[in-house]
2 protein chains.
Amino acid sequence: MGDYPVRLTTKGRYAVTAMLDLAFHSQIKPVTLTDIAARQTISLSYLEQLFARLRRANMVKGTRGPGGGYMLANAAGDINIADIIAAVDEPLDATKCGGEANCQNEKACLTHDLWMGLSDQIRDYLKGITLGQLLEKHRVQEIAKRQDHDAHQVVELHRHSELVSSFNDLL
Amino acid sequence: MGDYPVRLTTKGRYAVTAMLDLAFHSQIKPVTLTDIAARQTISLSYLEQLFARLRRANMVKGTRGPGGGYMLANAAGDINIADIIAAVDEPLDATKCGGEANCQNEKACLTHDLWMGLSDQIRDYLKGITLGQLLEKHRVQEIAKRQDHDAHQVVELHRHSELVSSFNDLL
DNA sequence: ACTTAACCTAGCAAAATAGTCAACTTTTAT
DNA sequence: ATAAAAGTTGACTATTTTGCTAGGTTAAGT
């Protein structure tokens, strides 16, 4: 599937966090990066860097002028986590053996293939999680919390059995 | 669950790759870091750094002297990917709002909680995948490939290397 | 004794991360 | 028309992480 392994870094976390903030607040009108920066304590200029990539990846739309700001390019339910992370992360192949048949060392490529397979698993998993799902789950959780103050309900998007089964189908 | 978010970096990939190599080759006798370094094209000293952490996390056992090397501390089926990554990665809390009730900004913590929930999901997912599973999956795939290969042409590649034969006899 | 290999320590260069600063352009309200 | 709000761009800096080099010490096998 993917040519390069998935990376889960603070950069991706910033991007997902910002996109979540955007999904949450841009329901009615565009949200400025200044607002997101203030809410999420991320520097404005760093956000600008991230959103430049997100815009180029067609994940957000910016409108200029007073009353402007950013909105999601698609419905929150159509934006998945894997795409957000891919948008802000450099490809950075890290194949080492070129990925071609030029790799003579079978053993070396063995673990490489295993890791790439695992990486694809994680990517598929993240592709199955959307901003909409996260918000919806949180909304449900909030309602539950309001109804039962002490009930600490764990957010569970996918069932674990689903993950394992999808894992078993691959490789 | 976890106090800090999961990170999927090249460091973690190196660790998992090395552990996979170890799981694959240390069935009979200990494996030296020099061997792993050669096979996986990772520098010996970097491996030493990683294995120092893995050893402190009780994931591998080292034996000194000639004929020594590293072995898995537990069965490959009992070592999961999440623990390997956690062992080599710095905690680095990145909570920003302390995780306590001292965070006055509800909206800021909203996305923070959402990300932490997602992070826990990923961790659970990785906890469900063991080195043993990865090796087993690969073995099944290899056997299938070999059978397919044998069906088309008679095997003559045994002489090619002891790599293939030793590979097929494992697990 | 000698060798092998784990184990330890310090330092270092390159890269990635996170952020700053400044000078823009475009849109829109007045 | 003009000013304000907001996005756009590029260059620049500081810090951290990464991956590695070089040098040791310690334990165990021959």
Side-chain angles (χ1 to χ4, degrees), chain A residues 4-18 22 25-26 29-38 40-57 59-71 73 85 87-94 96, chain B residues 4-5 7-18 22 25-26 29-38 40-73 85 88-94 96:
Chain A
Y4 58 91
V6 190
R7 292 167 62 220
L8 268 187
T9 66
T10 52
K11 195 175 196 174
R13 178 166 67 243
Y14 275 131
V16 172
T17 300
L22 192 58
H25 292 101
S26 69
K29 60 182 176 68
V31 173
T32 70
L33 292 190
T34 308
D35 285 353
I36 299 179
Q40 306 301 330
T41 53
I42 307 173
S43 87
L44 176 60
S45 300
Y46 196 44
L47 271 182
E48 283 170 345
Q49 282 184 40
L50 297 178
F51 271 75
R53 288 173 181 273
L54 291 170
R55 187 169 29 78
R56 281 193 285 268
M59 313 208 64
V60 295
K61 273 194 305 184
T63 53
R64 302 182 176 198
Y70 278 102
M71 297 193 76
I85 290 173
V88 297
D89 266 349
E90 232 56 33
L92 188 64
D93 63 331
K96 282 233 160 130
Chain B
Y4 58 92
R7 292 167 63 219
L8 267 187
T9 66
T10 52
K11 194 175 195 172
R13 179 166 67 244
Y14 275 128
V16 173
T17 299
L22 191 58
H25 292 101
S26 69
K29 59 183 176 68
V31 173
T32 70
L33 292 190
T34 308
D35 286 352
I36 298 178
Q40 305 301 330
T41 53
I42 307 172
S43 88
L44 176 60
S45 298
Y46 195 44
L47 271 181
E48 281 172 348
Q49 279 183 42
L50 298 179
F51 272 75
R53 288 173 180 273
L54 291 171
R55 185 167 30 81
R56 281 192 285 267
N58 257 36
M59 314 208 63
V60 295
K61 273 194 305 184
T63 52
R64 301 185 178 194
Y70 278 102
M71 298 195 75
L72 299 180
I85 290 173
V88 297
D89 266 349
E90 227 62 29
L92 189 62
D93 63 331
K96 284 230 159 135

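Throughout, protein chains are lettered first and strands after them, A, B, ... in sequence-line order, and every chain is numbered starting at 1.
Distance from the side chain of Lys11(A) is smallest to dA18(C) among dC7(C), dT9(D), dA18(C). Among the nucleotides dT8(D), dC7(C), dG19(C), the one closest to any side-chain atom of Ser43(A) is dG19(C). The Arg55(A) side chain lies nearest to dT9(D) when the options are dT9(D), dT18(D), dC20(D).
In terms of the salt bridge (charged side-chain N to carboxylate O under 4.0 Å, His left out) criterion, residue partners of Arg53(A) (sequence neighbours excluded) are, by chain and number, Glu90(A). For Ala73(A), the side-chain contact (heavy atoms from CB on, under 4.5 Å) partners are Lys61(A), not counting sequence neighbours. For Thr34(A), the side-chain contact (heavy atoms from CB on, under 4.5 Å) partners two or more places apart in sequence, or in a different chain, are Thr32(A), Leu44(A). Not counting sequence neighbours, Arg64(B) has no partner by the side-chain contact (heavy atoms from CB on, under 4.5 Å) test.
Going from atom CG of Leu8(B) over to atom C1' of dT17(C) covers 17 Å, rounded to whole Å. Distance Ile42(B) CD1 to dT21(D) P: 13 Å, rounded to the nearest Å. For Arg53(B) and dT18(D), the CZ to C1' distance is 12 Å, given to the nearest whole Å. Between the CG atom of Leu54(B) and the P atom of dC8(C) there is a distance of 13 Å, given to the nearest Å. For Tyr4(A) and dA16(C), the OH to C1' distance is 16 Å, given to the nearest whole Å. Between the OH atom of Tyr14(A) and the C1' atom of dG19(C) there is a distance of 10 Å, rounded to whole Å. Note: CG (Asp89(B)) to P (dT17(C)) measures 13 Å, nearest angstrom. Remark: C1' of dA6(C) and CG of Leu44(B) are 10 Å apart, rounded to the nearest angstrom.
Residue contacts shown for Thr34(B) are absent, as no nucleic acid heavy atom lies under 4.0 Å away. Contact annotation for Leu33(B): backbone-only contact, meaning every heavy-atom pair under 4.0 Å involves sugar-phosphate atoms and none involves a base.
Taking CD1 of Ile42(B) as the reference point, atom CD of Gln49(B) lies at 12.0 Å (rounded to 0.5 Å). With values rounded to the nearest 0.5 angstrom, Thr17(A) atom OG1 is found 10.5 Å from Ile36(A) atom CD1.
The side chain of Arg7(A) places an N or O atom within less than 4.0 Å of a non-bridging phosphate oxygen (OP1 or OP2) of dT17(C). For dT18(D), one of the phosphate oxygens OP1 or OP2 lies less than 4.0 angstrom from a side-chain nitrogen or oxygen of Thr9(B).
Here the side chains of Thr63(A) and Met71(A) are not in contact, with every heavy-atom distance at 4.5 Å or above. In this structure, the side chains of Lys11(A) and Asp89(A) come closer than 4.5 Å at one or more pairs of heavy atoms.
Using cut-offs of 30° and 60° on the angle between ring planes, the pair Tyr46(B) and Tyr14(B) is perpendicular.
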Report each atom pair, protein N/O against N/O of nucleotides 27-30 of chain D, whose distance is under 3.5 angstrom.
unit_1, atom_1, unit_2, atom_2, d
dA27(D), O4', Arg64(B), NH1, 3.0

> Can you check side-chain contact (heavy atoms from CB on, under 4.5 Å) on Arg13(A) and Thr10(A), steps first, answer last?
Replying inline: CA-CA 5 Å; Arg13(A) 178 166 67 243; Thr10(A) 52; 3.1 Å; yes

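Within residues 45-52 of chain B, the residues having any heavy atom closer than 4.0 Å to DNA chain D are, in order of number, Ser45(B), Tyr46(B), Gln49(B).
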